[in-house]
Visitor: 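The structure is given below, and queries will be raised subsequently.
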Amino acid sequence: MADRYEPASFEAKWRQRWSEADLFKTREEADRPKFYGLDFFPYPSGAGLSVGHCRNYVPTDVICRMKYMQGHNVLHPMGFDAFGLPAENEAIKRKRHPREMTAEYTATYRRQMDLIGISYDWSRSFASCDPDFMKWTEWIFELLYKRGLAYRRLASVNWDPIDKTVLADEEIIGGRAERSGAVVEKKFIPQWFFRITEYAQRLIDDLDTIAWPEGIKTQQRNWIGRSEGVQFTMRAVYMDEAQVRALKAAASTSSSAPAPSSDSGRLPELEELEREVRASHAAADVPASVSQKIAQLEGNLAKAAEKVNVTVPGGDAFESARAKIMMAGGLRPAERMPSFDVFTTRVDTVFGMTFCVLAPEHPLVETLLSMVPEDKKKAIREYQVQAKTLSAADRLVVTREKTGVFSGAYAINPVNEDLIPIWIADYVLTDYGTGAIMAVPAHDERDFEFAVKFGLEVKPVIKPTEEYLRKFTPPGEEFDYERELARYVAYPKQYDPVFVSKDSVCFNSGWINGLTFPEATKKVGEWMEGQGIGARKIQYKLRDWLISRQRYWGCPIPVLHREDGSMELVPEDKLPVLLPDVDNYEPGEDGQSPLAGIDFWVNTTDSQGRPAKRETDTMGGFADSSWYFLRFCDPHNQKQGWDPAKAAYWMPVDCYVGGAEHAVMHLLYARFWTKVLHDEGLVTVKEPFQRLENQGQVLALTPYRKPREGEKLDMGEEGILISFDEAKQLPEDQVLWRWARMSKSKGNVVTPEEAVEEYGADALRIYLLFVAPFNADVQWDNHGMEGGARFLSRVYKVVEDNRSAFDPAWASKIGTMEPDEATRKLRRATHQAIRNSTEHIDRFAFNTYISGLMIFVNTINDLVKSTQVIDAFRLALSEALSSLVLLLGPAAPHSSDELWSSLGGEGFSLHAPWPSFDAALAVEDTVTIAFQVNGKLRDTLDMPAASSKEDMEQAALASAKVQAFVSGQTVKKVIVVPGRLVNVVVG
RNA sequence: GCCCGGGUGGCGGAAUGGUAGACGCAGCGGACUUAAAAUCCGUUGGCCGCGAGGCCAUGCGGGUUCGAGUCCCGCCCCGGGUACCA
């Protein structure tokens with residue numbers, strides 16, 4: 001060993017030995033607990049790794065190494081998410097094949113990961129573009145297809161009309177194509193989807209079973225976006241102004257709203273069925289089986305109604321309204337009233353509906369066009385065009401004014417026969433709910449804004465709270481609830497923001513007056529169900545997963561299209577469908593994948609030998625990352641994607657580590673596939689990742705300059721990015737130094753090679769662990785690694801300096817020795833260090849794990865300096881040094897092995913058992929007790945840790961400093977917290 | 001706007017409701033050295049005081065408590081996510 005800590009002299013040597021000994025090969029021994037530690041599947045970019053990426057890999061390595069030392073079989077694999085647009089684009093740019101390029105980049109990643117000593121089992125590694133892996137990605141696609149979870153339908157893509165190509169979202173900046181600058185259009189082409197919506201509820205429910213950061217769970221819940229409400233039907237009619245006036249006049253004289261139906265609230269078909277059955281039997285003796293049958297039918301019908309998204313038609317809620325409209329001349333006898341559905345979570349406000357809104361693309365709009373006069377028709381058409389061509393950029397504008405057009409038609413509010421104008425506006429989304437809403441401007445911000453802009457009626461139906469009304473009462477005026485309420489009802493448009501609370505009751509609402517939100521929702525919901533015009537329904541924001549990419553560099557979708565337009569799956573024994581090896585993969589016409597132009601690949605035959613064409617869309621990368629963690633369990637299996645027994649052993653991933661930017665997509669898709677595979681019986685777990693941890697980003701100081709005149713800043717940037725060289729040349733006051741994420745494009749990357757070259761791999765690891773809490777962002781400072789190196793050199797020194805005193809057989813002797821004061825202190829420090837290191841690593845508190853080791857080293861040094869190293873102390877010192885070296889192992893494996901062998905240890909420190917601690921030895925025997933008076937610290941005193949409450953109280957009252965604050969006052973109370981403090985309360 | 005994080009010394013950060021500032025960085029003083037680097041020792045939240053000591057301090061304002069960085073209510077600021085989801 002050298003005199004000084006010189007990592008360059010031994011780090012490479014140990015990495016060599018680890019590799020020769022195949023040290024990180026996955027151990028699968030019976031009777032050991034398992035631990036599966038995994039990092040997010042990285043995309044190997046040509047830029048290689050920065051120290052920022054290491055922030056992900058080092059902590060996972062620490063916990064895996066500790067688990068290994070604790071006796072677990074540890075699965076700690078690494079693979080590469082090779083498919084995808086960036087690789088394809090770079091390959092096109094460099095005129096190379098992405099497969100070759102990926103192989104090169106992957107090798108770089110591996111070399112860099114090895115350089116910093118990460119304990120990956122490379123024998124299990126693969127890339128998602130490996131045929132062996134693709135085969136099973138395709139196989140899972142087929143499984144989803146067979147289970148009815150994969151389907152094809154028309155969907156929009158981003159279309160660049162200049163380059164005539166499909167763009168990914170990330171290729172669009174501010175509504176324009178990044179490359180051509182063209183305004184991106186929407187184009188509808190058939191694309192593949194996975195029916196993740198079918199799993200929406202399970203994806204919400206099972207979040208409760210996994211240990212993930214709450215923030216990520218919340219994001220997933222919001223993304224899935226469950227809401228409970230009622231979907232109901234409305235009928236539309238066109239009436240001219242004279243007819244509307246006539247109808248209103250008639251309504252004001254009769255003023256009869258429909259009474260809530262008093263029947264059972266069941267579907268009419270069933271009522272009829274039951275009547276028939278009863279008629280054919282003596283009234284009282286309907287067989288139980290028939291009753292059951294009815295109940296069952298009832299359930300089925302209700303379910304069916306829910307499934308097809310259509311409320312059960314029929315009922316006569318509209319009949320009375322219809323008659324009146326006919327009398328007013330708005331309908332001819334037998335004329336149809338087209339219906340449309342709306343979904344609402346606030347059916348309790350249904351009496352406050354003053355207009356309806358259809359999305360511009362809603363199918364009913366077409367029907368309305370045939371009903372309304374020419375001028376309306378023209379206005380609607382114009383609005384539709386306007387909505388369609390609205391660019392993505394315009395849609396992004398935060399405070400976009402509401403736009404819309406009145407269709408000229410009216411709907412009937414089923415609860416009170418009110419005539420409701422139907423508007424068309426793009427603030428209603430086509431693909432959420434039914435694409436149509438009932439608008440209640442009095443209790444919905446968006447409807448309110450629309451009503452104000454277009455002069456529509458606002459009708460309050462939820463009684464506002466006093467607190468709400470007070471906000472609108474002129475200051476100084478005496479508050480009178482009834483008067484304010486009257487004012488509110490008379491001038492509701494002056495009340496902005498609107499009253500949206502659910503903690504109130506209905507008023508001005510016919511037969512639901514006085515009901516609370518849940519009561520009203522239930523009553524109206526049941527009434528609508530009884531009328532056959534609506535049903536309670538659960539709605540999700542989550543959309544089906546669009547898997548199609550019109551791209552070359554992805555896993556093919558194993559589907560054949562026959563000439564008659566039908567489809568079949570590529571037979572299992574013909575998998576995988578590989579990508580054709582071609583030099584050019586130029587985009588196809590009309591938004592087709594580049595593969596569509598490769599005739600020899602596209603044209604094939606189906607299972608019957610008939611001509612067929614291959615599906616030319618490929619799967620997006622999220623398919624690969626949705627199951628790779630299963631392949632790691634059994635990576636060389638040629639017969640299956642994995643052996644279910646092996647997956648049953650290793651799954652779930654015990655600890656999954658990666659950036660929070662994948663909070664939703666990847667993690668949701670992987671959960672979805674796992675559930676499908678679970679349902680198929682291929683994996684035992686319902687959730688793939690038991691515990692999830694997100695590391696913070698590594699930021700580096702990056703130079704920007706202020707924009708010059710006429711220069712525009714990119715979204716979210718505070719200045720114009722400049723190079724480090726440019727920053728040096730500019731006057732200081734013109735350079736803005738900002739913390740920005742390390743990236744090649746910002747020129748602020750520090751590579752692991754540079755860091756290791758200067759300070760050593762272990763110093764880099766220590767710094768990354770120590771600099772900040774694991775999940776916090778780090779402001780990178782090259783200088784900070786010096787601290788890591790300094791600490792390691794102190795460890796090195798304390799071991800070296802005391803090596804001669806080290807007794808390799810300390811463990812067998814230490815139990816019998818007679819400990820003196822210094823020995824007890826040293827053993828206490830050792831056992832505390834073991835306890836803390838273990839706890840902190842388990843908790844992902846790596847910064848305190850390292851600081852605990854620093855404290856331990858300082859304590860050893862202090863004690864050694866003040867103590868004669870003989871006998872008992874020598875054994876305690878041996879224990880301390882041995883423990884220190886092993887506790888250091890997960891964080892600084894090279895140094896640990898170097899010191900371990902220096903102390904005469906066999907083999908590798910990884911093979912030594914993780915030190916265990918004796919709680920009794922870790923306990924302090926003397927503690928400093930705080931004496932407080934009225935909660936303020938006045939004195940401290942060292943006392944035996946086991947001091948009784950009485951002794952502590954006495955000592956506190958005896959303190960002169962305490963007395964100074966107590967004297968002259970009465971002691972009301974004394975709080976004693978054993979081992980902590982005494983608080984004397986006076987007053 | 002909404003939903004998540006987060007505001008503690010010059011800096012990164014510690015702190016099961018119980019002595020705020022562990023550990024480290026930087027600074028200052030000292031030792032070693034011809035000198036420097038490296039290393040080691042000491043010191044370092046602010047204010048007042050010669051001192052003993054006292055007062056003030058965890059974004060701001062309230063509250064609960066014997067006791068609040070920690071819990072509750074109301075704000076402010078920063079970072080991330082999301083975008084009219086009826």
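To find a chain, count down the sequence lines: A is the first, B the second, and so on, and within it residues start at 1.
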Visitor: So, is A:N222 near the phosphate of B:rA83, with a side-chain N or O under 4.0 Å from OP1 or OP2?
Guide: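 No, outside the criterion.
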
Visitor: Can you check the A:M785 CE to B:rG24 P distance for me, whole Å?
Guide: 19 Å

Visitor: To the nearest angstrom, how far is A:D447 atom CG from B:rA86 atom P?
Guide: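 These atoms are roughly 12 Å apart.
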
Visitor: Using the side-chain heavy atoms of A:A930, tell me which of these nucleotides is nearest: B:rU19, B:rA86, B:rA22.
Guide: B:rU19

Visitor: Could you write nucleotides 38-49 of chain B as a row of B, S and -, 5' to 3', where a protein heavy atom under 4.0 Å of any base atom gives B, of only sugar-phosphate atoms gives S, and otherwise -?
Guide: SSSS--------

Visitor: Could you check whether any side-chain heavy atom of A:P414 comes within less than 4.5 Å of a side-chain heavy atom of A:T233, counting everything from C-beta outward?
Guide: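 No, their side chains stay 4.5 Å or more apart.
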
Visitor: Base, sugar-phosphate, or nothing: which does A:Q539 touch, judged by heavy atoms less than 4.0 Å apart?
Guide: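 The residue A:Q539 makes no contact with any strand.
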
Visitor: Considering only side-chain heavy atoms of A:T928, which listed nucleotide, B:rU19, B:rA86, B:rG12, is closest?
Guide: B:rU19

Visitor: Using the ring of each side chain (for Trp, its six-membered ring), is A:Y669 parallel, tilted or perpendicular to A:W545, with breaks at 30° and 60°?
Guide: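 Aromatic pair A:Y669/A:W545 classed parallel.
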
Visitor: Base, sugar-phosphate or nothing for A:K973? Non-hydrogen atoms, less than 4.0 Å.
Guide: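 Sugar-phosphate, no base atom in range.
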
Visitor: Strictly below 4.0 Å: does A:Y427 bring a side-chain N or O up to OP1 or OP2 of B:rA86?
Guide: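 No, outside the criterion.
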
Visitor: Do NZ/NE/NH1/NH2 and the carboxylate oxygens of A:R536 and A:E228 come within less than 4.0 Å?
Guide: no

Visitor: Would you say NZ of A:K459 has more than 12 non-hydrogen atoms from neighbouring residues, nucleotides or ligands within 6.0 angstrom?
Guide: yes

Visitor: Got a salt bridge between A:K402 and A:D447, using NZ or NE/NH1/NH2 to carboxylate O under 4.0 Å?
Guide: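 Judged by the 4.0 Å cut-off on N to carboxylate O distance, A:K402 and A:D447 do not form a salt bridge.
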
Visitor: At 4.0 Å (heavy atoms only), tell me whether A:N858 reaches a base, stays on the sugar-phosphate, or touches nothing.
Guide: sugar-phosphate

Visitor: B:rA15 C1' sits how many Å from A:E839 CD, rounded?
Guide: 14 Å

Visitor: Pick the nucleotide of RNA chain B nearest each of A:V927 and A:Q779; which residue has the one closer to the 5' end?
Guide: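 Here A:Q779 is the residue nearer the 5' end.
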
Visitor: Please give the distance between the P atoms of B:rC72 and B:rG24 as a whole number of Å.
Guide: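 So the two P atoms sit 34 Å from each other.
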
Visitor: Pair A:L667, A:W212 - check side chain to side chain contact (heavy atoms under 4.5 Å, CB included), show working.
Guide: CA-CA 11 Å; A:L667 291 171; A:W212 287 19; 3.9 Å; yes

Visitor: Report the distance from atom CD of A:Q219 to atom P of B:rG81, rounded to the nearest whole Å.
Guide: 9 Å

Visitor: Taking CG from A:L937 and P from B:rC66, how many angstroms apart are they, rounded to a whole number?
Guide: 20 Å

Visitor: Across the strands shown, which category fits A:T218 at heavy-atom distances under 4.0 angstrom: base, sugar-phosphate, nothing?
Guide: sugar-phosphate

Visitor: Do A:K797 and A:E800 sit within salt-bridge range, that is, some charged N less than 4.0 Å from a carboxylate O?
Guide: no

Visitor: How far does the P atom of B:rC40 sit from the matching atom of B:rC25, given to the nearest Å?
Guide: 10 Å

Visitor: When you measure from the side chain of A:N847, which nucleotide among B:rG13, B:rG18, B:rC55 comes out closest?
Guide: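 Closest nucleotide among those given: B:rG13.
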
Visitor: Compare the minimum distances between each of B:rC23, B:rU19, B:rA86 and the side chain of A:L981, then state the nucleotide with the smallest one.
Guide: B:rU19

Visitor: Sticking with atom P, work out how far B:rU82 lies from B:rG9, rounded to a whole angstrom.
Guide: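 These two P atoms come out 32 Å apart once rounded.
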
Visitor: The side chain of A:I855 lies closest to which of these nucleotides: B:rA86, B:rA22, B:rC66?
Guide: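 Closest nucleotide among those given: B:rA22.
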
Visitor: With a 4.0 Å cut-off, would you call A:R543 and A:D431 a salt bridge?
Guide: yes

Visitor: Classify the nucleic acid contact of A:Y767 as base, sugar-phosphate or nothing, counting any heavy atom under 4.0 Å across all strands shown.
Guide: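 Nothing, no nucleic acid heavy atom in range.
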
Visitor: Determine, stepwise, if the pair A:Y767 / A:D781 fulfils side chain to side chain donor-acceptor pair (under 3.5 Å).
Guide: CA-CA 10 Å; A:Y767 173 62; A:D781 180 11; 5.4 Å; no

Visitor: For B:rC55, take OP1 and OP2 only and decide whether either is under 4.0 Å from a side-chain N or O of A:R938.
Guide: yes

Visitor: Mind telling me if B:rG9 is syn or anti? Syn here is a glycosidic angle within 90° of 0.
Guide: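 Because its glycosidic torsion lies within 90° of 0, B:rG9 adopts the syn conformation.
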
Visitor: Which is more 5' along RNA chain B, the nucleotide nearest A:G852 or the one nearest A:A772? Just name the residue.
Guide: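 That would be A:A772.
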
Visitor: Compare the minimum distances between each of B:rA86, B:rA14, B:rG81 and the side chain of A:T848, then state the nucleotide with the smallest one.
Guide: B:rA14

Visitor: Give the rounded distance in Å between these two atoms: CD of A:E449 and C1' of B:rC84.
Guide: 9 Å

Visitor: For B:rA52 and B:rU43, measure between their P atoms and round to the nearest Å.
Guide: 15 Å

Visitor: When the distance from NZ of A:K217 to C1' of B:rC3 is rounded to whole Å, what number comes out?
Guide: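 In whole Å, B:rC3 C1' and A:K217 NZ are 16 Å from each other.
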
Visitor: Between B:rA86 and A:S227, is there an OP1 or OP2 to side-chain N/O distance shorter than 4.0 Å?
Guide: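 Checking A:S227 against B:rA86: at least one side-chain N or O falls below 4.0 Å of OP1 or OP2.
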
Visitor: Sort by first number and list every stem of RNA chain B: at least 3 consecutive Watson-Crick or G-U wobble pairs, both distances under 3.5 Å.
Guide: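 Stems (3+ consecutive pairs) listed as B:1-7 with B:76-82, B:10-12 with B:23-25, B:27-31 with B:39-43, B:45-48 with B:53-56, B:59-63 with B:71-75.
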
Visitor: Is any side-chain nitrogen or oxygen of A:K936 closer than 4.0 Å to OP1 or OP2 of B:rG18?
Guide: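 No, A:K936 has no side-chain N/O under 4.0 Å of OP1/OP2 on B:rG18.
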
Visitor: With a 3.5 Å cut-off and just heavy-atom distances, do the side chain of A:K972 and the base of B:rC66 make a donor-acceptor pair?
Guide: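 No, the side chain and the base share no sub-3.5 Å donor-acceptor pair.
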
Visitor: Looking at A:E467 and A:K471, is there a salt bridge between them, counting it only when a charged N and a carboxylate O are closer than 4.0 Å?
Guide: no

Visitor: Among B:rA22, B:rC4, B:rA86, which is the nearest nucleotide to the side chain of A:F343?
Guide: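 Nearest listed nucleotide: B:rA86.
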
Visitor: Assign A:V771 to base, sugar-phosphate, or nothing according to its heavy-atom contacts below 4.0 angstrom with the strands shown.
Guide: sugar-phosphate

Visitor: Taking only the C1' atom of each, what is the distance from B:rG51 to B:rU70 in whole angstrom?
Guide: 36 Å

Visitor: Kindly check if the number of other-residue, nucleotide or ligand heavy atoms within 6.0 Å of NZ (A:K453) is above 12?
Guide: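 Yes, enclosed.
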
Visitor: Between A:F448 and A:F450, does a ring-ring contact (aromatic ring centres under 6.0 Å, His included) hold up when you go through it step by step?
Guide: CA-CA 5 Å; A:F448 182 82; A:F450 194 82; over 10 Å; no

Visitor: Provide, to the nearest angstrom, the distance between the CG atom belonging to A:D444 and the C1' atom belonging to B:rG1.
Guide: 13 Å

Visitor: With the side chain of A:N983 defined as its heavy atoms from C-beta on, choose the nearest nucleotide among B:rC25, B:rC23, B:rG67.
Guide: B:rG67

Visitor: With a 4.0 Å cutoff (strictly under), does any side-chain N or O of A:H783 reach OP1 or OP2 of B:rC25?
Guide: no

Visitor: A:V342 near the nucleic acid: base, sugar-phosphate alone, or nothing, with a heavy-atom cut-off under 4.0 Å?
Guide: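 Since no nucleic acid heavy atom lies under 4.0 Å of A:V342, the category is nothing.
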
Visitor: Heavy atoms only, 4.0 Å cut-off, all strands: where does A:P773 land among base, sugar-phosphate and nothing?
Guide: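 Touches sugar-phosphate only.
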
Visitor: One pair to check against side chain to side chain contact (heavy atoms under 4.5 Å, CB included): A:N775 and A:E693. What are the steps and the verdict?
Guide: CA-CA 8 Å; A:N775 55 14; A:E693 297 287 347; 5.7 Å; no

Visitor: Write down the distance separating the P atoms in B:rC41 and B:rU8, rounded off to the nearest Å.
Guide: 31 Å

